> 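Attaching a single structure in C-alpha cells format; questions to follow.
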There are 2 protein chains.
Amino acid sequence: MSDAPLTDRGQVAERAASSAAFSPLYQQIKGLLLQSLDRGDWKPGEAIPSELELAARFQVSQGTVRKAIDELAAENLLLRRQGKGTFVATHHEAKVRFRFLRLTSDDGKQAVSGSQILGCQRVKAPADIAALLELRSPDMAVNIRRLLSFDQVPTILDDIWLPAAVFRGLTAETLASYKGPLYAWFESEFGVSMVRADEKIRAVNAGAEAAQLLQVEPGNALLQVERVSYTYGDRPMEVRRGLYVTERFHYRNSLN
Amino acid sequence: MSDAPLTDRGQVAERAASSAAFSPLYQQIKGLLLQSLDRGDWKPGEAIPSELELAARFQVSQGTVRKAIDELAAENLLLRRQGKGTFVATHHEAKVRFRFLRLTSDDGKQAVSGSQILGCQRVKAPADIAALLELRSPDMAVNIRRLLSFDQVPTILDDIWLPAAVFRGLTAETLASYKGPLYAWFESEFGVSMVRADEKIRAVNAGAEAAQLLQVEPGNALLQVERVSYTYGDRPMEVRRGLYVTERFHYRNSLN
DNA sequence: CAGTGGTCTAGACCACGTG
DNA sequence: ACGTGGTCTAGACCACTGC
C-alpha cells in the first residue's frame, strides 16, 4: 500500500503514521504537528525539524508539510525564519507580548514599570470561573490579584484565575520572585503555552476598592476586560478580569 | 525576453505587464489584482476571472496566481468558493457585518432593530478629523450623527465623518431612505469599499447629551470606540466615534 | 459533462544565515 | 559550502457546482 505509485494514489487518507481524521493530507500533518507541540516534543523557542525531514518522516512531499506549517505559522503557533528554521512560538519575546497586551499609550511610547502582587491564594473555584475553565465544581483554582503600573501610574487591576491542578507550586513567593510577563513564566515554569484568547469588553463605573487602588475617583469610567486564554487544543487555562484606566491609554484593535 | 525558457529565467521581476515593484512574482500579481479591485474592474459581489485565465493573462503559472489570491482571501478582500469561482468581498452579506460590528448581546442573539438619523450636514473638516482622513484643512466633510437601537433599546450613538469630495450626493434624504448597513450603501452608491479599520477603545463617563439620547444616567460608564476605516491602498475613508451602552452588550475580541 | 477551486507531487532555483 | 525556508513551475487528480 505505502509503495503504490504516487501519481495514482487515488485516496488520500491513512498515509500518515498514527491517528488523525480524514480530510486533506496537510490537515492530518497539521494535526500531528499540533500533537507534538502539545506533548512538548519541541519546547517554546526551539526549532522544529526541517521541512524535508518532516516530509521524510511523514512520507509526504515537502509541499504538503509546508502547507501544514503555513497554517500553524498563520495562527502564530510557529514562527518561520528564513535560512534558520521554523521555531515554536514563545512569550519570551517583545513582539508576542503586544499580541496579548492591547493597552497602548496615547502617545505611542511606554512600558510596564511595575507589577504589584495584591494577593495569591488557592480557593475552591467559584461556579462562573469553574464553568469558563471547564473544571468540575469542587476543583481548586489559584486566584491572583495584581496591580500593573505604567510610568509609575497604576493602570491595570487584574483578577486572575488558574486551574490549581495544572499550576502546582505557584505561590505568592515564587510569583513575587519572577519579573517579566506572566505568560512567559507560565511557559517555562508550568509548561503552559497560551496560544489564543477571547475577550469581552465593557465600560463600568469604578467601585470604591478599584477606585482606591487605581487612584481614580469612585464612579470614574473604567474599561473592563474579561479574558479567557487557551492552550493547544482550545483548552482554557486562564480567566482574567482586568480593569483598565483609559485616561492616557487606549485599547487598540484592528478589524480585518 | 518574455519568451525565455521558464526554468532558467534567472531573475523574477519585470514579467508582469505594467508597473509593480520587485519582490516575489506573486506579490507583483497581488499588486496588479489590487489595482484592478481599486479601479473597480470587478465590482463587489462579482466573480473575478478564473485562476487559469489570470495565469495566462499575467504569463505566470496557476500556482503563482493562486498564492496571490490566497493572500487577498486571507485579508478578506476576496472570497473563494469551490466549484464556483473567486468573488470580490462585499458588505452585502451577513457574515461580513460581524467583522465590523463587534458589539454582541450577552446572551448571543440580537439584531439591529433601528437606526435613527440625528443629523447630516456638510461642514469644513475639523483639524483632527482632517488629519485622520488625510485631507487638507479647508476640505469639506460630511458629518452624520445617528442612534442605533437593539431590541428597541438605544445602544450606539455614532458620530461619523466622511470626505465630502468622495461622498457626493450624500444627503439626509438619500441617507434616510436607505435601510441596512452603511458600508453596504457606501459600496453600491459611492463605490467605496471598506476593507480594514483601526479602533481605539476607552471607557468614558456619559455627558448630558449622550446620556439623554442613550437613556442612561449622566456619568454612567460608556464604551467609546474611535474607528478609522480604510479602502484599498490604505486610504482612510471614514472616521467614526461611537458611544456604546454595555449593560447587556459587550465588545468581543479575539487575540491570536 | 465542463469548469472552478483544492490538494498533492517533484524538481529547480533563489535568498538568507552560519560556519 | 551547506542547510534552511521561499519562490516558481508543471502536471495530475480530487471535490464541488451547475448546465
Side-chain angles (χ1 to χ4, degrees), chain A residues 2-16 20-31 33 42 46-74 78-89, chain B residues 2-16 20-31 33 42 46-74 78-89:
Chain A
S2 53
D3 293 304
L6 296 174
T7 17
D8 63 331
R9 144 154 52 95
Q11 205 29 272
V12 160
E14 227 47 66
R15 284 278 301 294
F22 311 100
S23 334
L25 236 193
Y26 76 89
Q27 288 287 3
Q28 302 178 35
I29 305 298
K30 183 182 174 186
L33 294 176
W42 314 305
E46 289 180 8
I48 71 171
S50 77
E51 296 179 352
L52 277 171
E53 186 182 331
L54 290 170
R57 179 182 305 183
F58 296 132
Q59 296 281 294
V60 300
S61 79
Q62 182 185 7
T64 300
V65 171
R66 178 153 259 281
K67 186 150 188 184
I69 293 180
D70 277 344
E71 292 207 349
L72 292 170
L78 294 177
L79 185 64
R80 321 190 75 139
R81 279 189 254 175
Q82 186 172 155
K84 302 187 71 173
T86 300
F87 298 78
V88 181
Chain B
S2 51
D3 292 307
L6 296 175
T7 15
D8 62 334
R9 134 155 63 90
Q11 205 28 274
V12 160
E14 228 47 64
R15 284 278 302 292
F22 311 100
S23 338
L25 237 194
Y26 76 89
Q27 287 287 3
Q28 302 178 34
I29 305 299
K30 183 182 173 186
L33 294 176
W42 315 305
E46 290 180 8
I48 71 172
S50 78
E51 295 180 352
L52 277 171
E53 186 181 333
L54 290 170
R57 178 182 307 183
F58 296 132
Q59 296 280 294
V60 299
S61 80
Q62 182 185 6
T64 300
V65 171
R66 179 153 258 280
K67 186 150 188 185
I69 293 179
D70 277 344
E71 293 208 348
L72 292 170
L78 295 177
L79 186 63
R80 321 190 76 139
R81 278 190 253 175
Q82 186 172 157
K84 303 186 70 173
T86 300
F87 299 77
V88 182

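In what follows, chains carry the letters A, B, and so on, assigned in the order in which the sequence lines appear, proteins first and then strands, with residues in each chain numbered from 1. Here the structure is a predicted model, which means the values were calculated and not measured. Below, all heavy atoms of this structure are taken into account, side chains as well, without hydrogens, waters or symmetry copies.
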> Looking at S50(A), does any N or O in its side chain come under 4.0 Å of the phosphate oxygens OP1/OP2 on dG3(D)?
no
> Going by side-chain contact (heavy atoms from CB on, under 4.5 Å), name the residues that satisfy it together with L79(A), two or more places apart in sequence or in a different chain.
R81(A), E93(A)
> Starting at atom CG of L54(B), determine the distance to atom P of dT9(D), rounded to an integer number of angstrom.
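About 14 Å, once rounded to whole Å.
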> Let me know the distance between CZ of F58(A) and P of dC8(C), rounded to the nearest Å.
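Checked: the CZ to P distance equals 14 Å.
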> Kindly determine whether L54(A) and I29(A) satisfy side chain to side chain contact (heavy atoms under 4.5 Å, CB included), including the steps that lead there.
CA-CA 9 Å; L54(A) 290 170; I29(A) 305 298; over 6 Å; no
> Does a side-chain N or O from T64(A) land closer than 4.0 Å to OP1 or OP2 of dT7(C), or not?
no
> Take the protein atom CD of E53(B) and the nucleotide atom C1' of dG5(C), then report the distance between them rounded to whole Å.
15 Å
> Salt bridge (charged side-chain N to carboxylate O under 4.0 Å, His left out) with E71(B): which residues, sequence neighbours excluded?
K30(B)
> What pairs with R80(A) under salt bridge (charged side-chain N to carboxylate O under 4.0 Å, His left out), at least two apart in sequence or on another chain?
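So R80(A) forms a salt bridge (charged side-chain N to carboxylate O under 4.0 Å, His left out) with E51(A), D70(A).
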> Rounded to whole angstroms, how far apart are CD on Q62(A) and P on dT9(C)?
11 Å
> Scan nucleotides 17-19 of chain D against the protein and return all N/O pairs shorter than 3.5 Å with their distances rounded to 0.1 Å.
residue : atom : partner : partner atom : Å
dG18(D) : OP1  : K84(B)  : NZ           : 3.2

> So does R80(A) get a side-chain nitrogen or oxygen closer than 4.0 Å to the phosphate oxygens (OP1/OP2) of dG6(D)?
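Yes, R80(A) has a side-chain N/O under 4.0 Å of OP1/OP2 on dG6(D).
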> Applying salt bridge (charged side-chain N to carboxylate O under 4.0 Å, His left out), can you list everything that pairs with E46(A), at least two apart in sequence or on another chain?
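For E46(A) there are no salt bridge (charged side-chain N to carboxylate O under 4.0 Å, His left out) partners, ignoring immediate neighbours.
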> For dG5(C) and T86(B) - does any side-chain N or O of the residue sit under 4.0 Å from the phosphate oxygens OP1/OP2?
yes
> Which nucleotide, dT9(C), dC8(C), dG6(D), lies nearest any side-chain atom of E51(A)?
dG6(D)
> From NZ of K67(A) over to P of dG5(C), roughly how many Å is that when rounded to an integer?
14 Å
> In whole Å, I'd like the distance from the CD1 atom of I29(B) to the P atom of dG6(D).
20 Å
> Would you please name every residue forming a side-chain contact (heavy atoms from CB on, under 4.5 Å) with Q82(B), sequence neighbours left out?
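Per chain and number, Q82(B) pairs via side-chain contact (heavy atoms from CB on, under 4.5 Å) with no residue.
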> From CZ of R66(B) over to P of dC8(D), roughly how many Å is that when rounded to an integer?
15 Å
> Is there a side chain to side chain contact (heavy atoms under 4.5 Å, CB included) between L33(B) and F58(B)? Walk through the geometry before answering.
CA-CA 10 Å; L33(B) 294 176; F58(B) 296 132; 4.1 Å; yes
> Measure the distance from CZ on R81(B) to C1' on dC16(D) and round it to the nearest whole Å.
13 Å
